[in-house]
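Notes for the one structure printed next.
Here is how names work: the chains are called A, B, and so on, in the same order as the sequence lines, proteins then strands, and each is numbered from 1.
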Amino acid sequence: MTTSEQFHIQHETFQGPIEVLLEMVEKRKFFVNDISLAAVTDDFILYIQQKGMTPDMVGQFLAVAATLILIKARSLLPNLELAPEEVESITDLERRLALFEIISHIQIDLSKQYGKKILFEGRPMSRPIVFSPDPHITKDTLLPILTSLFSNVPVVSKAPVARVYKTISITEVLATLEDRITKALKTSFNDIVVRDPDGDTKTQKVYTIVSFLGMLELVRRGMVSAEQESGVFTDIMLTKNHE
Amino acid sequence: MNKLTCQIHAILFFTAEPQSFDALAKLCGVPVADIAPAVQELVQSLQNSGVVVLVQNNTVGLAIDESMSEFIAAMQKESFAKELSKAQGETLAIVAYMEGATKTDIEFIRGVNSVYSIRALVARGLIEAKGNGRSVSYVPSIDLLREFGITSTAELPEFAAQSAKIKQLLTQKDIQ
Amino acid sequence: MNKLTCQIHAILFFTAEPQSFDALAKLCGVPVADIAPAVQELVQSLQNSGVVVLVQNNTVGLAIDESMSEFIAAMQKESFAKELSKAQGETLAIVAYMEGATKTDIEFIRGVNSVYSIRALVARGLIEAKGNGRSVSYVPSIDLLREFGITSTAELPEFAAQSAKIKQLLTQKDIQ
């Protein structure tokens with residue numbers, strides 16, 4: 001395979017997070033709802049870890065993963081109160097799934113119909129060519145027109161292969177998650193300890209719970225060890241296990 | 001046909017290229033408002049003639065009737081096997097069934113960067129950019145109708161039902 | 001119109017060239033004797049439509065109605081006197097800096113369907129088509145070079161650097 005073919009294939013088969021998620025739900029013959037989404041959360045996180053992805057792809061997937069974890073947290077803790085923007089991120093995701101479902105079905109129909117029965121164009125009537133220059137166009141005016149076009153051409157980075165295939169390994173993904181969770185945990189615990197009267201404690205609580213779930217996930221996979229020094233309200237220490 | 005309709009027919013036939021209502025009004029020296037009724041008359045007159053009139057986005061063009069497509073395809077030796085990639089098909093579906101969509105709309109629904117698909121569809125002439133800057137939206141073109149063998153986007157598969165569903169789901173977004 | 005008449009109308013529109021009755025009979029798979037009555041029906045149907053059917057020596061073709069021809073000639077003259085559109089200017093710049101650009105090359109750089117711009121530049125004698133079929137490519141006309149006061153496109157400002165840049169961008173055509 002040549003370099004360009006590889007890129008082409010990578011490009012065309014790239015599935016976005018919405019498509020991947022919808023496939024997971026449909027594979028289980030579920031309807032899209034909180035319960036089915038909570039059920040596929042683990043699969044989805046696993047998918048991110050197992051697929052070689054570029055950094056920006058990982059970013060798009062993690063945004064969806066964050067909402068899934070929120071849905072899962074809500075299904076585990078029914079009394080959990082969510083901030084308005086969190087509720088919105090959930091309904092948003094559900095709506096995107098519904099829209100994508102419709103579009104992907106239409107796409108199949110359109111691809112079947114495309115180019116099968118063309119309404120052909122007529123040809124223009126032949127007319128004698130009359131040299132008719134535009135006095136505004138001289139040998140010097142074409143250059144700026146041309147160079148202004150160059151900026152419109154999408155340019156793949158100079159080393160496309162290196163960029164496209166720079167995958168994030170499982171460890172890297174988890175290292176990022178771990179890093180974020182550790183930081184999140186510290187800040188959120190500080191918030192609780194300090195009991196800032198003006199702070200949005202509801203959001204913080206949810207964030208703490210979600211981080212906590214994420215941390216448990218990492219512990220379950222043996223990626224990190226969690227240790228609470230002494231007493232219920234002391235800080236939880238996270239240490240990364242070495243392979 | 002009245003004189004204006006004849007003129008429009010002659011222009012479309014002579015140039016064999018779609019013309020915007022604006023351009024036709026200028027060429028014929030009439031107000032733009034006069035164009036639509038004349039185009040309607042042309043649609044009527046050419047019914048069942050082997051040639052159809054396609055109207056989309058205030059642009060009108062002539063094409064050969066659907067019943068003749070196989071015949072014409074057989075007449076010319078070159079084959080025109082054309083395919084849409086999945087990404088392009090999704091993007092096209094969004095533009096056609098939303099009856100105009102921005103890059104943001106497309107990426108909201110597809111969940112992935114869609115610059116390449118949009119560009120490929122514009123380069124193939126299946127969709128056209130309208131407006132400029134941030135408010136650019138993409139709309140179906142006359143060539144889209146031709147390539148699908150239809151005379152209006154309303155003839156696309158399940159158009160009315162799916163288009164209504166999509167629009168309804170999208171308006172929920174704006175309310176929030 | 002009956003089916004045969006529709007077919008003849010479609011063929012004449014599609015080819016934009018007069019056809020002999022023999023050729024039409026072969027294309028439509030009917031006896032030559034059937035052609036004349038069908039042509040008669042076409043003459044009737046297109047009466048007073050801006051387009052006329054010309055029959056001579058068992059050959060038939062479509063043309064612009066006499067009463068419209070002045071109007072079309074004026075329209076064409078005006079379009080030739082007009083400044084080049086933005087699309088046409090872009091297309092010309094690409095062909096000038098890349099002799100032998102194909103339609104797909106031009107469309108890749110511009111990102112927009114360019115068939116009508118190319119056609120307009122050819123009609124104005126600014127560029128010329130070379131080769132045929134799928135491999136048609138375009139070069140600036142001798143008249144254009146003369147108008148620019150140069151003998152070769154190599155004399156255009158920054159020619160070497162810019163044409164190299166175009167070629168480099170085009171290497172991505174297959175990638176995307």
Checklist line | Other residues, nucleotides, ligands: >12 heavy atoms within 6.0 Å of C:Lys130 NZ | finding: no
Item checked: Heavy-atom contact with chain A under 4.5 Å, split by part of C:Glu147 -> side chain
Notebook entry, point to check: Do C:Asp143 side-chain atoms and A:Phe131 backbone N/O form a donor-acceptor pair below 3.5 Å?
Noted result: no
Next item on the list: Please look at C:Ile150 and chain A and tell me whether the side chain, the backbone, both or neither of the residue comes under 4.5 angstrom of a heavy atom of that chain.
Entry: side chain
Checklist line | Within 6.0 angstrom of C:Glu78 CD, more than 12 heavy atoms from elsewhere | finding: no
Next item on the list: Pick one of side chain, backbone, both or neither for C:Phe80, based on which atoms fall under 4.5 Å of a heavy atom in chain A.
Entry: both
Next item on the list: Check whether A:Ser148 gets within reach of chain C through its side chain, its backbone, both or neither, counting any heavy atom under 4.5 Å.
Entry: neither
Check: So is A:Arg123 actually on top of C:Phe14's ring, under 6.0 Å and inside 45° of the axis?
Finding: yes
Next item on the list: Start with the C-alpha distance between C:Val122 and A:Ile129, add both sets of side-chain angles, then the distance that settles side-chain contact (heavy atoms from CB on, under 4.5 Å), and finish with yes or no.
Entry: CA-CA 7 Å; C:Val122 171; A:Ile129 291 168; 4.3 Å; yes
Note to self: Can you tell me how far apart CD (C:Glu158) and CG (A:Leu146) are? Round to the nearest 0.5 Å.
What the structure shows: 9.5 Å
Note to self: Using 0.5 Å steps for rounding, measure from the CZ atom of C:Phe13 to the CE atom of A:Met125.
What the structure shows: 11.0 Å
Item checked: A:Pro135 portion near chain C, given a 4.5 angstrom heavy-atom threshold -> neither
Check: Which bit of C:Leu62 is near chain A, if near means a heavy-atom gap under 4.5 Å: side chain, backbone, both or neither?
Finding: backbone
Notebook entry, point to check: Counting heavy atoms not belonging to A:Ile108, are there more than 12 under 6.0 Å from its CD1?
Noted result: yes
Next item on the list: Side chain from CB out, backbone as N, CA, C, O: work out which of these in C:Gln88 comes under 4.5 Å of a heavy atom of chain A, or both, or neither.
Entry: neither
Check: What are the two closest heavy atoms between C:Ala16 and A:Pro124, and how far apart are they?
Finding: CB-O, 3.7 Å
Margin query: So which residue, A:Ile145, A:Ile137, A:Asp134, A:Asp140, ends up with the most heavy-atom pairs under 4.5 Å with chain C?
Written below: A:Asp134
Margin query: Counting only heavy atoms not in C:Ile142 (residues, nucleotides, ligands), do more than 12 fall under 6.0 Å from its CD1?
Written below: no
